[in-house]
Amino acid sequence: MKDKFSSLWPSGFDERWIGKSIPKRDWHFHRQLLARYGIVLAAGEFASMVRDIKHGAALPIMKLSPRKVIYSVKIERVHERIYVASDGRQIFTAWPPKKKLNEIRRRMTDRS
C-alpha cells in the first residue's frame, strides 16, 4: 500500500505496519526482545508466536511457576530461536538466551 507519504518512510520499513500498533501491555516484551536478541518483529510475527504457544506448536522448555512456562519459539524470518515466558495465553517477556535452555531444548528434541 503506497500513499503520498511513502517517500518519508525509512528504508527497510515493512509496509505491513501501516495502520498497526503494539498494545501497551506488550511493550515490555518487544523492548526485551530487542535488548536480549537484537530482533524487531515484523507485523504479524508476534500474533504468530502467541498462536504457536496457544496451539502447542511452541516447545515448552521449563516451568517457572504453576502458570508460567518458558517456550522455545523460532522466528523464521531471521532464522533465530528465542525463549519467551508465557502463561499459554499471553507472552510476558523475552527470556534471556541461556546455554542451559539450549541444552534442555536439544535434549528434548533429540528424544523425539
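Sequence positions, counted from 1, serve as the residue numbers for this chain. No experiment lies behind these values; they were computed from the predicted model shown.
For the pair I91 and Y71, the minimum side-chain heavy-atom distance is 4.5 Å or more. Side-chain contact between D52 and K74: absent, with no pair of heavy atoms (C-beta onward) separated by less than 4.5 Å. Residues I70 and L64 are in side-chain contact: their nearest non-hydrogen atoms beyond the backbone lie under 4.5 Å apart.
Remark: the backbone N or O of R105 is paired with a side-chain donor or acceptor of T109 at under 3.5 angstrom.
To the nearest 0.5 Å, the span separating CE on M62 from NZ on K68 amounts to 15.0 Å. To the nearest 0.5 Å, atoms CD1 (I82) and CD1 (I39) are separated by 6.0 Å.
Here ring-ring contact (aromatic ring centres under 6.0 Å, His included) pairs that include residues 72-103, with residues two or more places apart or in two chains, number zero. For residues 84-103, every residue pair satisfying the salt bridge (charged side-chain N to carboxylate O under 4.0 Å, His left out) rule, not counting sequence neighbours, is listed here: D87-R89.
Between R36 and P96, the shortest heavy-atom contact is NH1-CD, 3.4 Å. Across every non-hydrogen atom of A42 and E45, the tightest pair is N-OE1, 2.6 Å. Closest approach of A94 to Y37, counting heavy atoms only: CB-CE1, 4.2 Å. Looking at every heavy atom in both residues, D26 comes nearest to F46 through OD2-CE2, 3.5 Å. In terms of heavy atoms, I61 sits closest to M108 at CD1-SD, 4.1 Å.
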